[in-house]
Amino acid sequence: MEKCKLENLSLTGRLCYLFMCIEKYLTICYPQKEWIFVAKKMWQWTNVYWNEGCDIYSVVVPEYLFEFDNYEKTNTLAFEGKLSKKDYLELTNLFAGLTTGNPEDEINQVLMLPIEFNNECECTNFDTANNPTLKILYKMQDFLSLHNISFPSVSRIQNMTVNQKNGWGNFIDSKYLSIIN
């Protein structure tokens, strides 16, 4: 039932749905952790152009965060000098005990899905990105299913349709969709 509704969503709507799924995953699988920083970075994406949104979000992806062994290298080589030491420390503490950034770690795979989503949309149109982005959403739903987590309702984003901006959707302040405060 939900899969049919996903097909009617714009790419922005699909990205929002992906973030809704990720929030459910994080809060249910790791309720002891404080996910506000991650949620803030996710929901900023839909307010800006996608390349900028992806850059903002990428700091919360463990594979990138732990690619180098210290803040200076990470900031310079992975984030082009745009990651504050405060944010680095907050994120490395958040992921401590959950992942070392190993691409095989489930939490890293989940948090990497928006990057994969972005890559499928880059330099293309809706028709080309349609099926690959749906597959990414289904992959996220598979992670939720593994943990018996119900899917978020599409009804909250049903107004974000493929009829907006050639399937891309409108810029939107989407933080109202967050379940993390």
Side-chain angles (χ1 to χ4, degrees), residues 10-23 25-27 29-30 33-126 128-129 132-133 135-137 139-140 143 160 165-178 180-181:
S10 66
L11 295 177
T12 298
R14 292 175 187 189
L15 185 63
C16 287
Y17 187 75
L18 180 58
F19 291 152
M20 291 165 66
C21 290
I22 290 172
E23 282 194 345
Y25 171 86
L26 293 173
T27 57
C29 291
Y30 308 101
K33 296 286 188 171
E34 184 60 60
W35 296 108
I36 292 173
F37 187 93
V38 173
K40 180 182 171 194
K41 294 298 181 186
M42 282 192 293
W43 297 110
Q44 285 178 326
W45 189 322
T46 61
N47 282 321
V48 296
Y49 288 105
W50 281 53
N51 58 335
E52 186 181 341
C54 187
D55 287 346
I56 290 167
Y57 171 79
S58 68
V59 300
V60 303
V61 178
E63 187 173 334
Y64 299 144
L65 187 67
F66 295 113
E67 185 175 1
F68 302 99
D69 58 1
N70 62 45
Y71 166 71
E72 288 74 21
K73 285 183 183 176
T74 300
N75 183 41
T76 303
L77 301 174
F79 300 109
E80 300 173 347
K82 297 176 185 172
L83 179 65
S84 74
K85 182 130 189 183
K86 177 186 171 289
D87 290 351
Y88 175 80
L89 293 173
E90 183 175 340
L91 287 165
T92 53
N93 286 333
L94 177 66
F95 291 116
L98 300 182
T99 182
T100 59
N102 181 335
E104 301 302 314
D105 292 345
E106 184 179 273
I107 191 169
N108 192 67
Q109 291 178 43
V110 167
L111 291 171
M112 192 63 141
L113 288 174
I115 303 295
E116 292 176 28
F117 192 98
N118 179 70
N119 293 345
E120 291 296 345
C121 295
E122 196 169 36
C123 300
T124 191
N125 60 32
F126 179 81
T128 305
T133 57
K135 285 180 184 174
I136 291 168
L137 294 179
K139 191 174 179 181
M140 184 64 229
F143 282 117
M160 299 180 199
K165 289 193 180 173
N166 297 319
W168 280 92
N170 298 318
F171 288 108
I172 181 171
D173 183 0
S174 56
K175 65 182 173 236
Y176 73 93
L177 295 167
S178 181
I180 298 172
N181 300 325

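Along the sequence shown, residues are numbered consecutively beginning with 1.
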Are any non-hydrogen side-chain atoms of [X] and [Y] less than 4.5 angstrom apart?
| X | Y | value |
| --- | --- | --- |
| Leu91 | Val59 | yes |
| Tyr88 | Ser84 | no |
| Glu120 | Phe117 | no |
| Met42 | Tyr57 | yes |
| Phe143 | Ile22 | no |
| Trp45 | Cys16 | no |
| Thr12 | Trp50 | yes |
| Ser178 | Glu23 | yes |

With sequence neighbours excluded, tell me which residues meet salt bridge (Lys or Arg N to Asp or Glu O under 4.0 Å) with Lys40. none
Would you please name every residue forming a salt bridge (Lys or Arg N to Asp or Glu O under 4.0 Å) with Glu90, sequence neighbours left out?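 Glu90: salt bridge (Lys or Arg N to Asp or Glu O under 4.0 Å) contacts with Lys86.
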Taking [Y]'s backbone N and O only, do any of them form a donor-acceptor pair with [X]'s side chain (distance below 3.5 Å, no angle check)?
| X | Y | result |
| --- | --- | --- |
| Thr99 | Ile107 | no |
| Asn70 | Glu72 | yes |
| Asn118 | Cys54 | no |

Minimum heavy-atom distance [X]-[Y], with the two atoms named:
| X | Y | value |
| --- | --- | --- |
| Cys21 | Met140 | CB-CG, 3.4 Å |
| Gln109 | Pro103 | CG-O, 3.3 Å |
| Val48 | Gly53 | CG2-N, 3.4 Å |
| Asp105 | Leu98 | OD2-O, 4.4 Å |
| Thr46 | Ile172 | OG1-O, 2.7 Å |

Can you establish whether the number of heavy atoms outside Asn102 located under 6.0 Å from its atom CG is more than 12? yes
Would you say NZ of Lys139 has more than 12 non-hydrogen atoms from neighbouring residues, nucleotides or ligands within 6.0 angstrom? no
Assess whether side-chain contact (heavy atoms from CB on, under 4.5 Å) is satisfied between Lys33 and Leu26, documenting all intermediate values. CA-CA 8 Å; Lys33 296 286 188 171; Leu26 293 173; over 6 Å; no
Give a yes or no on whether the ring-centroid distance for Tyr49 and Phe171 is below 6.0 angstrom. yes
In chain order, what residues pass the side-chain contact (heavy atoms from CB on, under 4.5 Å) check against Glu122, with sequence neighbours excluded?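 Residues passing side-chain contact (heavy atoms from CB on, under 4.5 Å) with Glu122: Asn119.
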Please name all residues satisfying side-chain contact (heavy atoms from CB on, under 4.5 Å) with Lys175, sequence neighbours left out, ordered by chain then number. Trp43, Asp173
Assign the ring pair Tyr30 / Tyr25 to parallel, tilted or perpendicular, where the plane angle (0 to 90°) is split at 30° and 60°. perpendicular
Could you give the distance from [atom1] ([X]) to [atom2] ([Y]), rounded to the nearest 0.5 Å?
| X | Y | atom1 | atom2 | value |
| --- | --- | --- | --- | --- |
| Ile56 | Gln44 | CD1 | CD | 5.0 Å |
| Asn166 | Leu11 | CG | CG | 10.5 Å |
| Thr27 | Glu34 | OG1 | CD | 11.0 Å |
| Arg14 | Cys121 | CZ | SG | 8.5 Å |
| Glu106 | Leu111 | CD | CG | 10.5 Å |
| Thr133 | Leu113 | OG1 | CG | 12.0 Å |

Considering residues at least two apart in sequence or located in another chain, which fulfil the ring-ring contact (aromatic ring centres under 6.0 Å, His included) criterion with Phe37? none
In residues 60-68, what donor-acceptor pairs under 3.5 Å come from side-chain atoms, sequence neighbours left out?
residue, atom, partner, partner atom, Å
Glu63, OE1, Asn108, ND2, 3.1

Should Leu89 and Tyr71 be marked as a side-chain contact (heavy atoms from CB on, under 4.5 Å) after you check the CA-CA gap, both sets of side-chain angles, and the distance that decides it? CA-CA 8 Å; Leu89 293 173; Tyr71 166 71; over 6 Å; no
